[in-house]
Amino acid sequence: MKNKIVLLLFSLIFFIKGNAQCAMCRAVLESEEGQSAAQGINDGIVYLMAIPYILVGGIGYIVYRKFFRTKPQA
């Protein structure tokens with residue numbers, strides 16, 4: 001259990017620090033003067049990546065709640 005918690009915390013730390021740009025996008029955006037466009041592209045990529053995980057997690061929670069909810073005694 002302790003290993004799982006350490007792995008989860010380690011993964012979250014590197015997820016926050018990670019960059020989601022591909023090599024070509026990074027090369028083009030790093031050559032520009034201001035880094036605002038690069039930060040915007042990176043945020044957009046992370047946003048597009050997170051939405052499917054949130055949707056699948058929500059659907060999984062609904063299915064879990066529907067099948068494993070205890071029924072009240074009559």
Side-chain angles (χ1 to χ4, degrees):
M1 182 65 178
K2 183 179 177 183
N3 290 340
K4 289 182 182 181
I5 293 172
V6 170
L7 180 64
L8 177 68
L9 291 174
F10 190 70
S11 298
L12 287 175
I13 290 170
F14 280 106
F15 175 75
I16 292 170
K17 294 284 185 183
N19 291 326
Q21 295 173 353
C22 67
M24 291 299 292
C25 295
R26 184 183 302 255
V28 170
L29 292 172
E30 282 181 352
S31 64
E32 140 185 349
E33 295 277 331
Q35 292 297 316
S36 62
Q39 186 63 37
I41 295 290
N42 195 37
D43 290 343
I45 292 169
V46 171
Y47 175 74
L48 289 172
M49 179 193 72
I51 295 299
Y53 288 105
I54 293 169
L55 290 174
V56 169
I59 292 170
Y61 174 73
I62 291 170
V63 169
Y64 174 80
R65 194 177 75 193
K66 181 175 177 116
F67 284 111
F68 295 108
R69 182 175 20 168
T70 58
K71 297 182 181 180
Q73 297 281 334

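- With rounding to the nearest 0.5 angstrom, the CD1 atom of Ile54 is 9.5 Å from the CE atom of Met49.
- Within the structure, side chain to side chain donor-acceptor pair (under 3.5 Å) pairs that include any residue of residues 55-66 do not occur (at least two apart or interchain).
- Residues satisfying the side chain to side chain contact (heavy atoms under 4.5 Å, CB included) criterion with Ile51, sequence neighbours excluded, are Tyr47, Leu55.
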